[in-house]
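All residue numbers refer to positions in the sequence shown, counting from 1. Just follow the structure's listing: the first ligand is 1, and inside any ligand the first atom is 1. Just so you know, these numbers come straight off a predicted model, no measurement behind them.
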Amino acid sequence: MTYSDELKRRFQAAIMGNYGLPPVAIREGEGRRVTDVDGNAYLDMIGGIAVSSLGHSHPALVEAVSTQAARLAHTSNLYLHEKEIELAEKLLELSRVEGKVFFCNSGTEANEAALKLALLAGKQAGRSKIVAAENGFHGRSLGALSITGKAAIREPFEPLGREVEFVTYGDADALKAAVDDDCAAVFLEPVQGEAGVVPAPPGYLAAARRYTAEAGAALVIDEVQSGFGRTGAWFAHHAAGIAPDVITVAKGLGGGLPIGAVIAAGPHADALTPGTHGSTFGGNPIACAASLAVIDTIEREHLLDQVLDLGEHLDSRLADIPRVAEVRGTALWRGIALTEPIAADVCAALASRGVLANPVRPDTIRIAPPLTITRNELDECCDELAAALDEVEPTPGGRP
Ligand SMILES: *Cc1c(COP(=O)(O)O)cnc(C)c1O
């Protein structure tokens, strides 16, 4: 913790205790740097959990948000505004989906809507079971939580009143057995983010597509964390060559503004009929303007190609760092597994050295920096990581 005891006291007195005490109090940001309340600068290697795709205060985002705020901030869904149509058309183009879009405000809400959509479609076909993966994460509202495979965050709220079967992520045979006549939908992340950036093994997503198509169940791919350039593609599942029935997105789409969306193909595009779902803020003009600016900037600055090049550079640098056991993920989204469960200590050492990263698991550091990051900044991150790892003591008995 770098900020004053007074700020800590006020945080603890006014903010609910579900997050614990944050290590840094951020005041402002520019590019890939944020500055704390005491004026210390940090290289932002986590980007607000894969959200700040253009970094901080990007001129295109500032311009789009300010212009839209000055013109029209909100309509509700009682009225149409053109930006939501423009963004929906763009999402359909980038996702290569022939279908329709529903807008909401977060990843959780996108999965909540996808779940309602899948349950309605399933009901018509006499199917009710949802299949999801162990260690998967789809959100914390009661519907999204019911399909979240992290038992520790789900079990305190059970029973959740839904028939969900969890299967081992990556085991195609287990998935095949679970996708039966009663299965309405399968929810999968193409890379499990909150589990520590764990990619699906080769062939797994294609197998999921095959089994769901054969059984007549919907395949829902959760691209909330993996989408919008993180892996060097607009959508991570494009690398597997599959066409899902439903895709959920959020995080990096808005570049820091809250937005989520469900992209549904074919008959699934019409599963939400009048009155079945809604959102007061969904498709908010400012959030849509921000998302259009994010997409436009990624296209105009050829960031997807750049992200892939930077990813290769990152691979070569991380490979040389002692105490790094394995590097998972691709491009600018990595789980750096350490030889010991010291990720929290290493991230604390990194923060005091001016780099923000996230201990997503006791033994894994997650990085998901802005897509606009430079090679020099990645070098800086790797140098500081090596130094931080050098600084942190081995855990007693933890080191082989
Ligand atoms: C973060 C995340 C969510 C939840 O998104 P929120 O915007 O926090 O509601 C859902 N699915 C995945 C894969 C995520 O990474």
A337: side chain to side chain contact (heavy atoms under 4.5 Å, CB included) partners, not counting sequence neighbours: E326, R328, T364
Residue, atom and distance of the protein heavy atom nearest atom 9 (O) of ligand 1 read T108 OG1, 2.5 Å
Near N111 (heavy-atom distance under 4.0 Å), the atoms of ligand 1 are 10 (C), 11 (N)
Hydrophobic cluster identity match, F228 and V101, side-chain contacts under 4.5 Å: yes
Distance filter under 4.0 Å to S106 heavy atoms, resulting ligand 1 atoms: 7 (O), 9 (O)
Please determine if K150 and E134 form a salt bridge, counting it only when a charged side-chain N lies under 4.0 Å from a carboxylate O. no
May I ask you to check whether E109 has an N/O atom sitting below 3.5 Å from an N/O atom of ligand 1? no
Atoms of ligand 1 less than 4.0 Å from D222 heavy atoms? 10 (C), 11 (N), 12 (C), 13 (C)
Answer yes or no: does an N/O atom from F137 fall short of 3.5 Å to an N/O atom of ligand 1? yes
Proximal atoms of ligand 1 relative to E189 (non-hydrogen, under 4.0 Å): 13 (C)
Identity and separation of the nearest protein heavy atom to atom 7 (O) of ligand 1: G107 N, 2.9 Å
Going by atom type alone, with no hydrogens or angles, which donor-acceptor pairs under 3.5 Å involve a side-chain atom of residues 9-21 and a protein atom two or more places apart or on another chain?
unit_1 : atom_1 : unit_2 : atom_2 : d
R9     : NE     : E6     : OE1    : 3.3
R9     : NH2    : E6     : OE2    : 3.3

Pair E89 + K100: basic N to acidic O under 4.0 Å: no
Could you tell me how the ring of H277 sits relative to the ring of F102: parallel (under 30°), tilted (30 to 60°) or perpendicular (over 60°)? tilted
re atom 14 (C) of ligand 1, the protein heavy-atom contact at minimum distance is K251 NZ, 3.0 Å
Less than 6.0 angstrom separating the ring centers of F281 and F103, yes or no? no
